Engineer: 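If you scroll down you'll find the structure; I have some questions about it.
In what follows, every heavy atom counts, from backbone to side chain, and hydrogens, waters and symmetry copies are set aside. If you're wondering where the values come from, they're calculated on a predicted model, not measured in any experiment. To find a chain, count down the sequence lines: A is the first, B the second, and so on, and within it residues start at 1.
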Number of protein chains: 2
Amino acid sequence: MRRDVFQAIADPTRRSIIALIALQSMTPNAIAENFDASRQSISKHLRILTECELVRQEQQGREIFYSLKIEKMKEIDAWLEQYRKIWEIRFNQLENVLSTIKKQTK
Amino acid sequence: MRRDVFQAIADPTRRSIIALIALQSMTPNAIAENFDASRQSISKHLRILTECELVRQEQQGREIFYSLKIEKMKEIDAWLEQYRKIWEIRFNQLENVLSTIKKQTK
DNA sequence: AATTTGCGCAACCGAAAAGTTGCATATATA
DNA sequence: TATATATGCAACTTTTCGGTTGCGCAAATT
């Protein structure tokens with residue numbers, strides 16, 4: 001089972017779950033109430049999110065609270081970083097081109 | 001076919017293709033040479049990347065050059081932004097807690 | 001003009017993923 | 001203690017995905 005963060009966030013339901021539990025931890029039932037999907041289906045998504053460590057479980061009596069491991073999101077951020085650099089360079093190049101044109105028209 | 005950026009970057013081969021063409025545009029054959037995968041397989045990935053507008057094609061004779069549409073990557077960045085905010089808040093809260101502890105031990 | 005080259009497209013196949021159903025288990029509650 | 005509730009897990013089905021094969025077409029090359 002190739003489970004990585006990128007695969008985890010590929011599913012729109014999982015992205016919604018992430019958004020839902022980003023601020024406060026929730027039980028599977030509470031989460032499922034926000035979707036058309038069945039409890040089991042949500043449970044499976046939660047398992048996938050847990051397996052790739054995007055989510056943490058906390059047992060409390062017979063309830064299990066799920067919350068987002070926000071640190072793991074930084075992995076995506078780190079991957080994006082290289083491209084952020086590129087688009088900044090591109091932007092600067094464009095700036096230069098524009099200022100050159102401006103000078104020429106003067 | 002539900003094709004979005006998140007689904008596109010879920011596949012490791014596609015992420016490699018993105019990295020490869022980020023700086024200069026390349027033909028499918030040239031791209032395929034960098035992988036074990038067949039030309040057709042790479043071509044299919046390129047189609048998916050094109051469909052979700054992460055990649056642009058430029059015909060030049062019988063060759064087609066593919067290049068990254070870096071702007072589209074910003075969509076992922078925009079999605080991450082909300083979580084970036086959260087982890088900054090968390091970090092500041094931690095700072096506060098630490099400084100409170102520091103004061104108490106004084 | 002015939003052949004080679006670069007490429008896309010459609011059909012097919014096997015593996016993995018998503019969803020459903022039916023349990024089992026542990027903790028509350030009556 | 002019997003029952004209801006919260007949840008996970010395993011088995012099964014359906015869908016999706018990645019890859020291969022085979023074809024067609026247009027641009028280069030001979």
Engineer: Using only side-chain N and O atoms of B:Ser43, determine if any of them is under 4.0 Å from OP1 or OP2 of C:dC7.
Structural biologist: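 No.
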
Engineer: Does B:Asn29 put a side-chain nitrogen or oxygen below 4.0 Å from OP1 or OP2 of C:dC7?
Structural biologist: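 Checking C:dC7 against B:Asn29, a side-chain N or O does come within under 4.0 Å of OP1 or OP2.
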
Engineer: Do any side-chain nitrogens or oxygens of A:Thr27 fall under 4.0 Å of OP1 or OP2 in D:dT7?
Structural biologist: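 Yes, within the criterion.
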
Engineer: When the distance from CE of A:Met26 to C1' of D:dA6 is rounded to whole Å, what number comes out?
Structural biologist: 15 Å

Engineer: Rounded off to whole Å, could you give me the OH-to-P distance for the B:Tyr66 and C:dG6 pair?
Structural biologist: 15 Å

Engineer: Taking atom P of D:dT16 as reference, at what distance in whole Å does atom CG of B:Asp4 sit?
Structural biologist: 14 Å

Engineer: Measure from NZ on B:Lys44 to P on C:dG8 and round the result to the nearest Å.
Structural biologist: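 Spelled out: NZ on B:Lys44 to P on C:dG8 is 14 Å.
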
Engineer: Map A:Gln40 and B:Ala30 onto DNA chain C by nearest heavy atom, then report which one ends up closer to the 5' terminus.
Structural biologist: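 Comparing both residues, the 5'-ward one is B:Ala30.
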
Engineer: Using the rule that Ile, Leu, Val, Met, Phe, Trp and Tyr join whenever any side-chain heavy atoms are under 4.5 Å apart, tell me whether B:Ile86 and A:Met73 fall into a single cluster.
Structural biologist: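 Yes, it is one cluster - the side chains of B:Ile86 and A:Met73 are joined through contacts under 4.5 Å.
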
Engineer: Consider only side-chain heavy atoms of I, L, V, M, F, W and Y, link residues closer than 4.5 Å, and tell whether B:Ile9 and B:Leu23 are in one cluster.
Structural biologist: yes

Engineer: Using whole Å, what does the distance between atom C1' of nucleotide D:dG19 and atom CG of B:Leu46 come to?
Structural biologist: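 So the two atoms are 15 Å apart, to the nearest Å.
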
Engineer: Heavy atoms only, 4.0 Å cut-off, all strands: where does A:Gln59 land among base, sugar-phosphate and nothing?
Structural biologist: nothing

Engineer: Do A:Arg62 and D:dT7 share a donor-acceptor pair, side chain to base, under 3.5 Å?
Structural biologist: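 Donor-acceptor pair under 3.5 Å: no.
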
Engineer: Please confirm whether the backbone N or O of A:Pro12 pairs with a side-chain atom of A:Ser16, one donor and one acceptor, at under 3.5 Å?
Structural biologist: yes

Engineer: Could you state the CD-C1' distance from B:Gln7 to C:dA18, rounded to the nearest angstrom?
Structural biologist: 13 Å

Engineer: Please tell me if B:His45 has a side-chain N or O lying less than 4.0 Å from either OP1 or OP2 of D:dG19.
Structural biologist: yes

Engineer: What's the closest nucleotide to the side chain of B:Thr13 if the choices are D:dT7, D:dC17, D:dG19?
Structural biologist: D:dG19

Engineer: Is a donor-acceptor pair below 3.5 Å formed from side chain B:Arg39 to base C:dG8, judging by atom type as modelled?
Structural biologist: yes

Engineer: Rounded to the nearest Å, what distance is computed from the CD1 atom of residue B:Ile64 to the P atom of nucleotide C:dC9?
Structural biologist: 8 Å

Engineer: Suppose clustering is done on Ile, Leu, Val, Met, Phe, Trp and Tyr with side-chain heavy atoms closer than 4.5 Å. Which residues sit in the same group as A:Leu98?
Structural biologist: A:Leu94

Engineer: Which whole-number value in Å describes the distance from B:Ile42 CD1 to C:dG6 P?
Structural biologist: 16 Å

Engineer: Check ring pair (Phe, Tyr, Trp, His ring centres under 6.0 Å) between B:Trp79 and all other residues, then give those that pass, not counting sequence neighbours.
Structural biologist: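 For B:Trp79, the residues satisfying ring pair (Phe, Tyr, Trp, His ring centres under 6.0 Å) (neighbours in sequence not counted) are B:Phe6, B:Tyr83.
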
Engineer: When you match B:Arg47 and A:Ser38 each to their closest nucleotide on DNA chain C, which lands nearer the 5' end?
Structural biologist: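 Final value for this comparison: B:Arg47.
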
